[in-house]
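Report on the following structure.
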Protein chains: 4
Amino acid sequence: MKAKITEHSVRLFEKKGFSETSIQDIVDSIGVTKGTFYYYFSSKEELLMDIHFRYIDELLKHQEKIFRDETKSYKQKLYDIILMLLSNIKSQGASAKVFFREMQNLSEERLSQIIPKRDQFRFNIQAILEEGIKKGEFRQDLNAEIVTFGILGIANWSYEWFNPEGSMSEKEVTDIFVEMFLKGIERD
Amino acid sequence: MKAKITEHSVRLFEKKGFSETSIQDIVDSIGVTKGTFYYYFSSKEELLMDIHFRYIDELLKHQEKIFRDETKSYKQKLYDIILMLLSNIKSQGASAKVFFREMQNLSEERLSQIIPKRDQFRFNIQAILEEGIKKGEFRQDLNAEIVTFGILGIANWSYEWFNPEGSMSEKEVTDIFVEMFLKGIERD
Amino acid sequence: MKAKITEHSVRLFEKKGFSETSIQDIVDSIGVTKGTFYYYFSSKEELLMDIHFRYIDELLKHQEKIFRDETKSYKQKLYDIILMLLSNIKSQGASAKVFFREMQNLSEERLSQIIPKRDQFRFNIQAILEEGIKKGEFRQDLNAEIVTFGILGIANWSYEWFNPEGSMSEKEVTDIFVEMFLKGIERD
Amino acid sequence: MKAKITEHSVRLFEKKGFSETSIQDIVDSIGVTKGTFYYYFSSKEELLMDIHFRYIDELLKHQEKIFRDETKSYKQKLYDIILMLLSNIKSQGASAKVFFREMQNLSEERLSQIIPKRDQFRFNIQAILEEGIKKGEFRQDLNAEIVTFGILGIANWSYEWFNPEGSMSEKEVTDIFVEMFLKGIERD
DNA sequence: AATGAATGAGAATTCATTCAT
DNA sequence: GATGAATGAATTCTCATTCAT
């Protein structure tokens, strides 16, 4: 039941927004009453926190698997992370939108448990870049921090437009994106 | 007074969110009464619409100036648009966040007035890419549509992290971003 | 202008009700601003009072003319009053509805200026009956007070259903009503 | 609790009018909070609708009992309906006033559920007249439709003046009214 | 005579939350 | 585990009225 509530909530939060979705909306969508909600969650914010944790923990888990894989080149690791993010949209796109858009609805205290994880995800990418520079896979003069923000931008923005049901696959889009930032778009 | 209300609202909406900001919050921040708000706006949503229009119209105006400038190369046009977006953050960053985050709070009908403008901004970038490909500035095999989403992602995501008061200037960040997607990060 | 405001108000009050009609509605229907309204009326209630006075004074004026006409029989006087009320609907039907329905929106003090006039109208009918009884036009055993309420009911209720634009004329309806209460509907 | 709210509301609506009575007034009169009101009614208008239904359904039920009674003459049926309406004042007078005066506060859609019932009440009286004419109880030349409006006027208007606590009983008034429209007031 | 800006009190309604059962 | 009744605080919005110009 708790999982059911969470899943329905994510869908509603994505469509209408956290504040615009009432507990009533949530329980109506499942066919239970408000009492049931409060049996499983002590507050609406706790539910939001739950959604945040589920999302970011899952993402970090996947990322760190890629990150630690010593058989892969650094380019490949970047590729795999982008692909992972894009593939994630189908099952977790709604969660992702809620994650980015509704973070402000968490209290200071709760935010402070989420932000380090979000940052960790970024730092991992930055570390890949830095290692790759050191090992000669990437250009020596890169500003790894800013480039990381660039790569994250490319990937995260796809939540705004990429349709997993559309004519292009996750892999095709990833290919284009990775070629774009690896080789550049300028004609040689 | 109308402009004053709009400005204060943008700041509050950015900080707390549209739904979390009450009309009372807005008028308190100015020192007038609720009646005054409703003298100038017929609803909270109308105010949000106003903010959306101000933002996107301003952006399109700047973009089209760059777009139409025949003295510039296509690379330069991309550069100028990125720089324009980053420079925009200082004065319009709050509006931008509200624009992207709170769009869902507009009614269907109102959204349909905004979305074509937002799309226009993207199509203009895509057109620059397509022209540049034709003229030999960019690689022949580019998928202009997806690359446009990539570039937009890089630029738009900067609203999430770029601090105009920080140690890096808009120009420095733009240089890094443009070099990233023009030349690629891979070591030759 | 004052008359114009009153006329438009009556129409709006009839259609939407006194409380549901705002000063804004009234001035919008004329094309002036609220200031203008308050130049002519000190309050919304004063306007309502004005409407009440116009209506009841006009009615009393007509009634007393009939009442005092010594050439007419008492039956004829009743006939004329019914006809006057029905004919009144075309031009004053809206005022009449406002008069009966919105009286409660007047303060105690203002009500006390209206109620005696309304009662006067009724007493005049009752007086016609009493005189007619004395003079042998009507049955000796009538309860004039209650019968007056009956006649008033017949006439006043027509404001709820009689359509002056419809297929029946005021005169036709009056004929039916007067025959009804003079001769009765029972078959001899 | 729902019934309690309805009862208190009727009394308040009658005294002060629907629009002039706030939800706060209603809940204060019972000693609960506004939330309670909205637990039972989705809007103020729904409450008004409830009151309308209760009133007209009750009335129709009583009327149809009289209407269908084959042991009674048609004169007797008219008598019984008038008596029923007058007797109704004591317990339902407030509802009746609200019914007639506040009908305009219902939406088009809701009105369309009430008006047929109100009309049904009238048609039933008209049918009694028509049958009575056919069976020779009433005069052959009657205009049943208009006479029905006359009888309804007599009865409905009594809600404006009849005081069930006063010196005259419902039966006495009914006697006067029925004699008035059966035998006429004219001296033979 | 008329306007436009502003007020402030109060309106209906929503909603997260509590709690006895 | 789950329900239904109730709360109370906050929210958007309305509106009669005032007043300087």
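Throughout, protein chains are lettered first and strands after them, A, B, ... in sequence-line order, and every chain is numbered starting at 1. The structure displayed is predicted, hence computed values, not measured ones.
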Between N or O atoms, less than 3.5 Å apart, protein on one side and nucleotides 19-21 of chain F on the other: list the pairs.
none

Q: Could you state the atom-to-atom distance from CD1 of Ile26(B) to P of dC13(F) in whole Å?
A: 11 Å
Q | Partner set under salt bridge (charged side-chain N to carboxylate O under 4.0 Å, His left out) for Lys44(B), not counting sequence neighbours | A | none
Q | Ring-ring centroid check Phe100(C) Trp157(C), cutoff 6.0 Å | A | no
Q) Given pairs defined as Watson-Crick or G-U wobble with both distances under 3.5 Å, what dot-bracket annotation applies to DNA chain F, with ( ) intrastrand, [ ] crossing, | other strand and . unpaired? A) .||||||||||||||||||||
Q | With Glu160(C) via side chain to side chain donor-acceptor pair (under 3.5 Å) - residues at least two apart | A | none
Enumerate donor-acceptor pairs with a distance under 3.5 Å from any side-chain N or O in residues 106-115 of chain D to protein atoms, sequence neighbours excluded.
| unit_1 | atom_1 | unit_2 | atom_2 | d |
| --- | --- | --- | --- | --- |
| Ser107(D) | OG | Glu45(D) | OE2 | 3.3 |
| Ser107(D) | OG | Arg110(D) | N | 3.2 |
| Ser112(D) | OG | Glu109(D) | O | 2.6 |

For residues 29-41 of chain A, tabulate all N or O donor-acceptor pairs below 3.5 Å that involve a side-chain atom, not counting sequence neighbours.
| unit_1 | atom_1 | unit_2 | atom_2 | d |
| --- | --- | --- | --- | --- |
| Ser29(A) | OG | His8(A) | ND1 | 3.2 |
| Ser29(A) | OG | Ile26(A) | O | 2.8 |
| Lys34(A) | NZ | Gln24(A) | OE1 | 3.4 |
| Thr36(A) | OG1 | Thr33(A) | O | 3.4 |

Q. If you take atom types as modelled and just measure distance, does the side chain of Lys2(A) reach the base of dG1(F) with a donor-acceptor pair under 3.5 Å?
A. no
Q. Mind checking what makes side chain to side chain donor-acceptor pair (under 3.5 Å) contact with Gln104(C), not counting sequence neighbours?
A. none
(Q) Please report the distance, rounded to the nearest Å, between NZ in Lys16(D) and C1' in dA11(E). (A) 12 Å
**Q.** Neighbour count above 12 (heavy atom, 6.0 Å) for Lys15(A) NZ
**A.** no
Q.
Show me the pairs that pass salt bridge (charged side-chain N to carboxylate O under 4.0 Å, His left out) and involve residues 22-31 of chain A, at least two apart or across chains.
A. Lys16(A)-Asp25(A)
Q | side chain to side chain donor-acceptor pair (under 3.5 Å) against Glu7(A), all qualifying residues, sequence neighbours excluded | A | none
Q) Which sits closer to the 5' end of DNA chain F, Ile23(B) or Val32(D), going by the nucleotide each is nearest to? A) Val32(D)
Q. Closest nucleotide of DNA chain F for Gln24(B) versus for Ser22(C): which of these residues is on the 5' side?
A. Gln24(B)
Q.
Heavy-atom nearest nucleotide on DNA chain E for Phe37(D) versus Met1(B): which residue maps closer to 5'?
A. Met1(B)
Q) Within the structure, does a side-chain N or O atom of Thr36(C) lie under 4.0 Å from either OP1 or OP2 of dA2(E)? A) no
Q: Using heavy atoms and a sub-4.0 Å distance, could you list which residues of residues 40-53 of chain A are near DNA chain F? By number, please.
A: Tyr40(A)
Q | Minimum-distance nucleotide to Lys34(A) side chain [options: dA10(F), dA11(E), dA16(E)] | A | dA16(E)
Q.
Without decimals, in angstroms, what is the distance between Asn105(B) CG and dT11(F) C1'?
A. 14 Å
Q.
Suppose we screen for salt bridge (charged side-chain N to carboxylate O under 4.0 Å, His left out). Which residues come up paired with Glu102(C), at least two apart in sequence or across chains?
A. none
Q) How close or far is atom C1' of dG4(F) from atom OH of Tyr39(A), stated in whole angstroms? A) 18 Å
Q: Round to the nearest Å and state the distance from Lys4(A) atom NZ to dG1(F) atom P.
A: 14 Å
**Q.** Rounded interatomic separation in angstrom, taking CZ from Phe18(C) and P from dT14(F)
**A.** 19 Å
Would you be so kind as to tabulate the donor-acceptor pairs closer than 3.5 Å made by side chains of residues 48-61 of chain B, with sequence neighbours excluded?
| unit_1 | atom_1 | unit_2 | atom_2 | d |
| --- | --- | --- | --- | --- |
| His52(B) | ND1 | Leu48(B) | O | 3.1 |
| His52(B) | NE2 | Phe99(B) | O | 3.3 |
| Asp57(B) | OD1 | Lys117(B) | NZ | 2.7 |

Q | Residue pair Gly17(D) / Thr21(D): nearest heavy atoms and the distance that separates them | A | O-OG1, 2.7 Å
